[in-house]
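Only one structure is covered here, and it is reproduced in the block below.
All residue numbers in this chain count up from 1 along the given sequence.
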Amino acid sequence: MNGAKGWLRPAVWLLAAFLLPGFMSCRGRDAGPSNPGPRNANVLLITLDTTRADHLSCYRSGFAKTPNLDALAARGVRFEHAIAQVPLTVPSHACIMTGSYPEVNGVRGMAGFVLSDTHPTIASVARAGGYATAAFVGSSVLSRRFGFSTGFETYDDYMGKSVVEASQPGVLLERRASVVTDRAIDWLKANGNKKFFLWCHYYDPHAPYEPPEPYSHLYAKDHYSGEIAYTDSQLGRLFDYLKAQDLQDRTLIVVIADHGESLGEHGEDTHGVFLYDSTVHVPLMIAGPGIPAGKAIAQQVRSIDIMPTILAFLNLSPGKEAQGVDLLPLIRKGQPLPTDSAYLETLYPRTYMGWSELRAVRTNQWKFILAPRPELYNLKNDPQEATNVEPREPVVASRMDARLWSIIGQDKRNEKVVSSPVTEQTREDLASLGYVSGGMPRTIQLGSKAPDPKDKVGVLKILGEVERLMDRKQYARAAQLMETGLKQDPTNPLGLTYLASSFENLGNYPRAIRVYEKAIGMHVETDEIFSRLGKDYLRTHQLEKAVKAMQRASELNPTDLDNLSNLGAANLQLGHVADARKAFEAITAQSDRYAPAFNGLGLIAISQGDSDAALLNFRKAVEADPSEMEPLLNLGFLYKRSGQKQQALHCFQTFLQKAPRGRYGNLFPMVRETIRQLQSGA
């Protein structure tokens, strides 16, 4: 489950006590006087989204067949107990990239948190060391607006079409593994002769599980494993390219997952709510120069250890902030390292469900989960975490509790976490455009009384079933079931959003509006609820109310570009040109690839008689996203009006070739008649 993203096009816009050694002792490290300088070598970091270790065939047979990852493990080392710090994509990647826990890097959740460029990352250190740096991500969940682009000369997060109508909250723009691999290989063709740090993120195993053929057929009963097998095939293409270009022998390859997937264990279908090993035990393998082949390491390691390990390989210092340790002594010499204590957390239950957050500490033998009702598991005897022994092991539980607080600090017991969806620079840019709030900081009180997530498993199962029903477009059943779930948990923000979304997909917008208005009345006020309410007001032709709701959403989260675009469109329809311009410029201040914003600015320019500015903006829109039809059509009309017949004909003919008939078919006769007039000289 992740933060939602959706789009509505309201109208066609036409011109017509246990101090953890690895936590504190590594602070203040430096490379030392013997550092020989940056190494003439490369690093390829691959992060697999939502991938359980036990579903790769090099870890366990019977699930996905992963011959390429198996081969990588065979020529390098495979870690049997690698632990992610957070079972969510954004904060987990922040831990990987910075080598620090969430309390230090500041990224505590999915929505409302941005990685500040003040934190050293693998990319920023590598680039400063003279390495070419590039990233290719598989989903908008790792959009540059979350701060991960710092240090990357190339950060490719473009998902294709700039906007999409999401049928279900939590469904994010993504691109297939084949596209990520294609883009990475294209970059290597131009940059493989340099020393480089390359990061590729593969999102395919994330729900919904929809592997392409032949994997959909081969894994007909296990599409999750099918997604993993498909991803492995695309990794094989990337590995083969490195080998063919003689890059393999001087490239360190690190493969790790950001988190796992529950798949129904402990009552959770996906991830984010609990801290059991099904979602925090991840695959990790490392191969390359100086890495022994065919070695399996049983000692627990952590995702925060990736950054210092990669930088140590490159002879670069991770800086004072890194809390992980360099794993190379363990890999090469079997030298024990202080990685036995791993801190874990998830704020997702509190921010998305209204339940208590969870924190945990894991060692090679024990896992202690700090919850309203604490849990303790002996992982040696009970790897499935089926039996909570906290009541009969009070001494161990107390010791583990003390260790947890020694890692993050006693002052975090009743912590107030302040989230903000924008960087300081973005906040300044938006303020200059009149968005004084620039994204309202939100305070999240931790440690306060809230339901224990494990006591809400019944509601969690209902949410999972509702997601499946919505995936199958069974919206009436989804709404009925969600209403049942909300009787048990009436103020659950995600449940309220799912219910309203079901009504939206049924075309019952008045009913959806009532759900959102009820949520706001109960003080369940998220930017997503306001933005979706605004879209439903648009659908029911309540423009003034729509503007008010979407304005509130933009105050809470000005990085929701789709909401800003809807806000601009609504203001344009109302004749509020200055407000429309403000909304569209708030988009272009954050992205130069969001075509509808340039289209909107072009329409404003036309309304003010500025044909030159209109032409410039319509061209920008078409360049930003050639699949956007409305700016193309507007550009054609502008060319026609200015007497540029050939350019106009090209736009109109391209429109007829590319425009989806279901969406634009009613415009085809008008466009054909316009083409006829141009060709006849009328």
query: So, N563 versus D560: side-chain donor-acceptor pair below 3.5 Å or not?
result: no

query: Do S262 and E268 have a side chain donor and acceptor closer than 3.5 Å?
result: yes

query: Quick one: which of E227, E261, E265 gives a salt bridge (charged side-chain N to carboxylate O under 4.0 Å, His left out) with R52?
result: E265

message: Whether the W355 and D455 side chains hold a donor-acceptor pair (N or O, under 3.5 Å, no angle test) is what I'd like checked.
response: no

message: Side chains of T540 and Q542: any donor to acceptor distance under 3.5 Å?
response: yes

- request: Can you run down the salt bridge (Lys or Arg N to Asp or Glu O under 4.0 Å) pairs that involve residues 492-510, sequence neighbours left out, and say none if there aren't any?
  value: E504-R532

Side-chain donor-acceptor contact under 3.5 Å, R175 with Y158: no

query: Any side-chain donor-acceptor pair under 3.5 Å between E628 and Y594?
result: no

message: For H266 and E385, which I'm curious about, is there any donor-acceptor pair between the side chains at under 3.5 Å?
response: no

task: Give a yes-or-no answer on whether the side chains of D258 and T89 include a donor-acceptor pair shorter than 3.5 Å.
output: yes

- prompt: Can you name the closest pair of heavy atoms from E465 and R472 and give their distance?
  reply: OE2-NH2, 3.7 Å

task: Before giving the answer on salt bridge (charged side-chain N to carboxylate O under 4.0 Å, His left out), spell out for R108 and E103 the whole-Å C-alpha distance, their side-chain angles and the decisive distance to 0.1 Å.
output: CA-CA 7 Å; R108 307 297 293 275; E103 281 74 8; 3.1 Å; yes

query: Any luck finding a side-chain donor-acceptor pair between Y498 and E467 under 3.5 Å?
result: yes

message: Does the Lys NZ or Arg CZ of R362 fall within the cation-pi geometry relative to F368 - under 6.0 Å from the ring centre and within 45° of the axis?
response: no

field: Near-ring test H281/H259, centroid separation under 6.0 angstrom
entry: no

task: Indicate whether the side chain of R350 and that of S448 have a donor and an acceptor atom separated by less than 3.5 Å.
output: yes

query: Does a side chain donor of either Q480 or R477 reach within less than 3.5 Å of an acceptor in the other side chain?
result: no

- request: Please check if any side-chain donor atom of Q85 sits under 3.5 Å from a side-chain acceptor atom of S303, or the reverse.
  value: yes

